[in-house]
Amino acid sequence: MSTTGPQILEGLNERQIEAVSTLDGPVLVVAGAGSGKTRVLTRRIAYLLEQGISPNEILAITFTNKAAREMVERVHDLVGPEASQSLWISTFHSACSRILRFHPELGRLRSGFTIYDADDSRRLIERTIRSLEFDTKRFPARAVLARISSAKADLKTPQEMAIEVHGAYDRLVATVYEAYESALIANNAVDFDNLVNSVVFGLRDNPGVREYYQRRLRYLLVDEYQDTNRAQNELIGLLAEPENNIFVVGDSDQSIYGFRGADLSNIIGFSERLPSAQTIALEQNYRSTNAILELANTLITQNAFRHDKTLWSELGQGALPVYFVADDDRGEAEFVVTQLLSLLAEGYSLRDVAVIYRTNAQSRVLEEELSKAGIPYRVVGGVRFYDRREIRDILAYLRILVNPDDDVALARIINTPHRGIGAGTQEQLQMAARTRNVSMMHALELFSAEELGLSPRAAKALLHFTELIRRLRSLVIEEAQAPAILDQVILDTEYLEMINEDDPLTAEGRLENLAELRRVASEADSLEAFLEQTALFSAIDAELDQSSMTLMTVHMAKGLEFPAVFVVGLEDGIFPHMRSLTTPSQIEEERRLLYVAVTRAKMRLFLSSARHRSFQGKVNYNPESRFVAELPEGVFVKLQDASAGAPTPARRAQPSAAEPPPYRVGDRVFHVRYGEGEVRAIRERSVDREVVVYFDAAGERVFFGSMAKLKLV
DNA sequence: AGACAGCCAATTTTT
DNA sequence: TTGGCTGTCT
């Protein structure tokens, strides 16, 4: 049966083998960038199974659904469907959600509870601030939510927060926090933070449930451990007792979510808290050349709060990273374009290249220059699928059907599409509901318009609304399928008509979004499962465009790799960001951000800055990033602005597109790297021309005409 | 109820 | 520069 033994450890280095096969007790794997941590995690699961541990006894936790899915797939490939189906591999939030579905009382919830995402939470906070008659301008909900959220990350209750207040602002936050928690319970809802926190508090208070999970989950694995907050760490600790078979994998140098409560001391202090812990460091990198790793290593050794380690690889020295100082942000973007053209000429393709920046706003100039040059690109991030208005509206309808106490959902849709229930009426309803201690939906159902103090006109509009919800709810009671309910919502609310009237230009796109939502719904087992999925999964993975380059923030780039990477905007104020210059720990996090950015590169790395740039409508003269200054001569080549000094590859003469191409479609050509092929297309672009060649051995490649070293055969 | 001008603030965001 | 929100006018 267990003939898998050798396979499980096959191709692993010594450290990795040690990590995979150290069975009992706490283990910390310090896994540098590109050191094969997912491999270690998946092989370890296979190893545990081979050692006779039941799949039911294993819980593997990740931060993202993507990582969880990837782990499931890879374990599946190793151990087959039977064992892998019984494994529990999920995100913190999904795992907690599942526990709460079985034991809603742990979080003072009732079954059918709603999961609030950040936007729902913000809205509820805003309502709370208003209802306490605080000024929402002086105390923006977003800021208050951030404070509450970081308190929750530290497992701090409103009462604990109230004790430690410094000044009026803190006092307000503590007051809002307490009211917000009550509102969540009243709405039968949990926010993301409370998914974890209520399980932690619930397990502490309920020995029976706690012991059940402790007995069941004997082997825990945690991915990206450096990103855990105190609450998540506490959850792991609780579940792991009494055996303490905790296997955590992470890299202190890649902790970039401190601003959201990630607590680096979880990983740094792991072996101090658990003296029996074994620490295994993975320092061999399988991604980058040593030239890139040397730059990364020198950069990150400037940080004090970290696990000391030095990455190395067997992938050769490689090209020295290039650092370019542009005159302005446009010049920087032009640098990216020209270097990109050379990369393409060398045989890199667009999908091999990524531009990474600190803030989303930086994408604009890059996009303009790339468009100008006719280079296809995609920007990762931006408005996410479930954040689109039409999606949120329809989901709010579905939510109110399942959980009538969800006032946030109700507020969203009570007058969407417009049905004559204005702000005044809504406020009146809210007040009336509050004094009766019921949700707004229940108030509508239980009391007459007169009792609620509503005008006859408002009463009529509300009656229509209540009837609408009642009709739709009957579908839920009859256990109709999620897509059918969704269809009926769209139909009965005349939502499509609204979309059309609203803005006929975008109507089609929004319609497509709804169709996509319906497709997701059709794959869910139930309406409840569908809603849960939409709450916990942020995006339907965008199909990777095979022929465009990628633009994204450092945060989005984490976990990814590209043959060639540009890191732009290396200026004090941008990277490190202005708002992160105050404390040493903020600066360290910014430095880790840059570390994450540069370690995405496999072969080629380009860094750049601009002497001045337009930013927030004004021209800024930022000094060069302190991080660049920290790097010694020799770890990169510095290029001056192309107008100064010797001609750089950046400004190599470009034949104008008007010149006739030296080859035509159908010609046979030769390339040093790809051999012989046939020219399939020649496309004129504003800056250059594109030549598409189909190589006999290497398939299709796209070159830029000015750069391509193609010889006619 | 809806349109529009004026004002203000402005990282990063796995769930 | 952008976007979001508020208050005012129709």
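Each chain gets a letter, A, B and so on, in the order its sequence line appears, and its residues count up from 1. Note that the structure is a prediction, hence the values are computed from the model and not measured.
Closest to the A:Gln616 side chain, of the nucleotides B:dT14, B:dT15, B:dA10, is B:dA10. If you check B:dT14, B:dG2, B:dT12 against the side chain of A:His418, the one that comes closest is B:dG2. Listed nucleotides B:dT15, B:dT11, B:dA1 differ in distance to A:Arg358; the shortest reach to its side chain belongs to B:dT11. Comparing atom distances between the A:Phe259 side chain and each of B:dT14, B:dA1, B:dT12 picks out B:dT12 as nearest.
Screening A:Ile267, A:Asn266, A:Asn303 for a side-chain contact (heavy atoms from CB on, under 4.5 Å) involving A:Ser252 leaves a single residue, A:Ile267.
Atom pair A:Glu224:CD and B:dT13:P shows a separation of 16 Å (rounding to whole Å applied). Rounded to whole Å, the distance from CE on A:Met498 to C1' on B:dA1 is 15 Å. Rounded to whole Å, the distance from CG on A:Asn620 to P on C:dT1 is 14 Å. If you take CG of A:Leu581 and C1' of B:dT12, they are 14 Å apart, rounded to a whole angstrom. Summarising the geometry, the separation between CG on A:Asp387 and P on B:dT14 is reported as 9 Å, rounded to the nearest angstrom. A:Leu560 has its CG atom 12 Å from the C1' atom of B:dT14, to the nearest Å. If you take CG of A:Leu100 and C1' of B:dT15, they are 14 Å apart, rounded to a whole angstrom. The distance between atom CG of A:Asp329 and atom P of C:dT1, rounded to the nearest whole Å, is 13 Å.
Nucleic acid contact class of A:Met556 (heavy atoms, under 4.0 Å, all strands): sugar-phosphate only. Residue contacts shown for A:Gly559 are absent, as no nucleic acid heavy atom lies under 4.0 Å away. Nucleic acid contact class of A:Gly420 (heavy atoms, under 4.0 Å, all strands): sugar-phosphate only. Heavy atoms of A:Phe92 sit nowhere under 4.0 angstrom from any nucleic acid atom. Within the nucleic acid shown, A:Asn360 comes within 4.0 Å of sugar-phosphate atoms alone, with no base atom in reach, counting heavy atoms only. A:Ser614 comes within 4.0 angstrom of nothing in the nucleic acid, heavy atoms only.
Not counting sequence neighbours, the partners of A:Ala333 by the side chain to side chain contact (heavy atoms under 4.5 Å, CB included) test are A:Val365, A:Leu366, A:Glu369. Under the side chain to side chain contact (heavy atoms under 4.5 Å, CB included) criterion, A:Arg419 pairs with A:Tyr397, A:Asn415, A:Pro417, A:Ile421, A:Phe465, A:Leu468, A:Thr493, not counting sequence neighbours. Listed by chain and residue number, A:Arg613 satisfy the salt bridge (charged side-chain N to carboxylate O under 4.0 Å, His left out) test with A:Glu332 (two or more places apart in sequence, or in another chain). Contacts of A:Glu532 classified as side chain to side chain contact (heavy atoms under 4.5 Å, CB included), with partners at least two apart in sequence or in another chain: A:Ser97, A:Arg101, A:Ile115, A:Leu536. With sequence neighbours left out, the side chain to side chain contact (heavy atoms under 4.5 Å, CB included) criterion links A:Asp193 to A:Ser149, A:Lys152, A:Asp191.
In this structure, A:Phe63 does not count as stacked on the base of B:dT15 under the 5.5 Å centre distance and 30° plane angle limits. The aromatic ring of A:His93 is not stacked on the base of B:dT15, since the criterion of ring centres less than 5.5 Å apart with planes inclined by under 30° is not met.
Salt bridge annotation for A:Asp572-A:Arg626: present, with a cationic side-chain nitrogen under 4.0 angstrom from a carboxylate oxygen. No salt bridge links A:Glu70 with A:Lys66; every basic N to acidic carboxylate O contact stays at or beyond 4.0 Å.
Judged by distance alone, with hydrogens and angles left aside, A:Arg579 brings no side-chain donor or acceptor close enough to the base of B:dT12 to form a pair under 3.5 Å.
Between B:dT11 and A:Thr553, no contact under 4.0 Å exists linking OP1 or OP2 to a side-chain N or O.
The 5' end of DNA chain B is approached more closely, in terms of each residue's nearest nucleotide, by A:Ile256 than by the other of A:Ala535 and A:Ile256. Closest-nucleotide positions on DNA chain B for A:Asp193 and A:Glu590 were compared, and the one nearer the 5' end corresponds to A:Glu590.
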At a cut-off of 3.5 Å, list every protein nitrogen or oxygen paired with a nitrogen or oxygen from nucleotides 2-7 of chain C, distance to 0.1 Å.
none

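Distance check on atom C1': B:dT12 versus C:dC5 gives 24 Å, rounded to whole Å. Nucleotides C:dT6 and B:dT11 are separated by 26 Å at their C1' atoms, to the nearest Å.
Between the side chains of A:Asn194 and A:Tyr116, no donor-acceptor pair of N or O atoms lies under 3.5 Å.
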